[in-house]
Amino acid sequence: MATANEEALDASVRHQIGILRYSSSVVRKVVSLLNKVDDRLVNEIARRGVGDQGFTQRRLELLLDSVRAIIAEAYGKATTALNDELKDLSTYERDFQLNMLGRSIPVRFDFIKPTSAQLYAAVTARPFNGLLLRDWYKDLEAGAYRRLRDSIRMGYVEGRTTDQIVRDIRGTRAQRYKDGILEISRRGAEATVRTAINHTATVARNETYKANSDVIKGVVWVATLDHRTTAVCRGRDGKVYPLDSGPRPPAHINCRSSTAPVLKSWKEMGINLKEAPEGTRASMDGQVPASMTYSDWLRKQPKEVQDDILGVAKAKLFRSGGLTLDRFVDAKGHEYTLAELAKRESEAFAKAGIDR
Ligand SMILES: [Zn+2]
């Protein structure tokens, strides 16, 4: 039978997968809010004819003022939307944790529930990667404006046409707009969203644990162990930290690490083993479960969980084709499509009985 700490770790790993998926959905929401103003920006630049003969320094300054206002409005909307998500997430995380703790501990226990306001206050008061949330927001907006300003100014000074300047900014359709200045800002926003979500979940979780330090003695660092994992997170994986000190994820931008609770033993809770309900005595042993790679963890999950996480075909390759998880991604961490995989891993496809 799994101990309470093993159950909590297992549930925490699965929960982190959910958090990462949620991150992707918030990224889409925030990026689409930012994308909405791209046309406005481009129209403004085109309308004012920055590349025209006789365009003056004075007109350039007016254009930049206008660009600054458009950017401020877009980032205001995007960060407000993100803030709303983070508020909801901190409350959700608390409820998830209390629920999970209730299921992991073999006896009924009255947990203390920090208020949503307390949780969100902690989220905004604690820096991650050296900056507070509001400073991350400021940096994003300032960076987005600065890149546009520099690009427009350079274009003006170098005598580029309006079309060329617009192309520098928006990128080309042939490259799916990945080659424009705006793409850099989009990628920055995406990284900030993902990192802020990890930070928010981690802080809300930790505040919830701190409120229940009668039962919880620390947290264990849980890295997503695959070949994309950074050295710092790999090194911290499985390490236990007290509730009120030590490092916490995110350890870096785009960090996927998480934490799981370490529950006290009966003895550490001040309960004589003989007083503990029979059948639950071995469960609360206070031990930290051995860490395992994500591949090991997924191997132990039921078929439905594997199908859900990998998709049906890839789950088959994982189960019956002999493929470890690192074979599904390239060196940069991008997932191969099924067609790409079929070319690279034809043996595994044959073994799993998948026709391509
Ligand atoms: Zn990390």
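All ligand and atom numbering here is 1-based and tracks the order in the structure.
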Pair up each side-chain donor or acceptor in residues 104-112 with any protein partner under 3.5 Å, not counting sequence neighbours, and list the distances.
from : atom 1 : to   : atom 2 : distance (Å)
S104 : OG     : M100 : O      : 2.9
R108 : NH2    : D110 : OD1    : 2.7

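- Around the Zn ion (ligand 1), the protein contributes the following N, O or S atoms at distances under 2.8 Å: C233 SG, H252 NE2, C255 SG.
- At least one side-chain heavy atom of E268 sits less than 4.5 Å from a side-chain heavy atom of K217.
- Listed by chain and number, the residues in a ring-ring contact (aromatic ring centres under 6.0 Å, His included) with F318 amount to none (sequence neighbours excluded).
- Classification of E183 and R186 as a salt-bridged pair holds, one side-chain N sitting under 4.0 Å from a carboxylate O.
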Original post:
Stepwise, does the side chain to side chain contact (heavy atoms under 4.5 Å, CB included) test hold for E141 with Y137?
Top reply: CA-CA 6 Å; E141 183 185 323; Y137 292 166; over 6 Å; no
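- Take K138 and apply the salt bridge (Lys or Arg N to Asp or Glu O under 4.0 Å) test, not counting sequence neighbours, and it matches D135.
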